[in-house]
Amino acid sequence: MVLKILAMLFSQNKTCTHEHVGLNRDFEYCPDCGALIENQWYIVKCSCCGIKQKAIVKNGKVVPVGNFCHNCGSDEYEVEKLDTIDFININYAALVRKESQSAPKRSITQCWVDTTRKIDEQPLLLPQYR
């Protein structure tokens, strides 16, 4: 505990690690630095047999924990990005938090209602419910 505090005080790297960003949302603002953070989940599979391997992030890259597949012995792997995380893949997946420049776009559909057909009047919008 004391070593961790001393390492934080004397570290050269002063960038935010976004540790307090929740895991259950795709996008969320970091409470420490205020940046918009996107949670991205990745899984590693063996190229030969397709068995899932436990993934970690090492030097900014998603790699398997072991050097080879425990099923077939292959050292080649494929990294796959998951759209959503589920309880089956949570034990194998690696989380990458990236700063996003823009918030996700939400599509909104509105309809025009023309109750009276007059040329000079502006048509009214329907109220929007969420």
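Here the structure is a predicted model, which means the values were calculated and not measured.
- Other members of the cluster containing I85 are L23, W41, I43, L82, I90, Y92, L95, with ILVMFWY side chains joined at under 4.5 Å, either directly or via other members.
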Check against side chain to side chain contact (heavy atoms under 4.5 Å, CB included), C48 and E76: CA-CA 7 Å; C48 181; E76 297 182 13; over 6 Å; no
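- S100 approaches F27 most closely through the heavy-atom pair OG-CE2, 3.7 Å.
- With contacts defined as side-chain heavy-atom distances shorter than 4.5 Å, the pair V44/V63 does not qualify.
- Pairs engaging residues 48-75 under the side chain to side chain donor-acceptor pair (under 3.5 Å) rule: K52-N89 [sequence neighbours left out].
- Side chains of Y77 and C46 form no contact here, defined as non-hydrogen atoms less than 4.5 Å apart.
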Worked verdict on D26 versus N39 for side chain to side chain contact (heavy atoms under 4.5 Å, CB included): CA-CA 5 Å; D26 293 335; N39 288 333; 5.6 Å; no
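- Using a 4.5 Å cut-off between side-chain heavy atoms of Ile, Leu, Val, Met, Phe, Trp and Tyr, V21 falls into a hydrophobic cluster with I37.
- Using a 4.5 Å heavy-atom cutoff, the side chains of C49 and C69 are in contact.
- Residue F68 is found outside any hydrophobic cluster, as its side-chain heavy atoms come under 4.5 Å of no other Ile, Leu, Val, Met, Phe, Trp or Tyr.
- Residues that satisfy the salt bridge (Lys or Arg N to Asp or Glu O under 4.0 Å) test with E80, not counting sequence neighbours, are K45.
- Using a 4.5 Å heavy-atom threshold, the side chains of E38 and E28 count as separate.
- Scanning for side-chain hydrogen bond (donor to acceptor under 3.5 Å, both in side chains) contacts around Y42 gives Q40, with sequence neighbours left out.
- Sorted by first then second residue, the salt bridge (charged side-chain N to carboxylate O under 4.0 Å, His left out) pairs that include residues 85-98, not counting sequence neighbours, number zero.
- Contact between A94 and V57 at its shortest, heavy atoms only, is CB-CG2, 4.1 Å.
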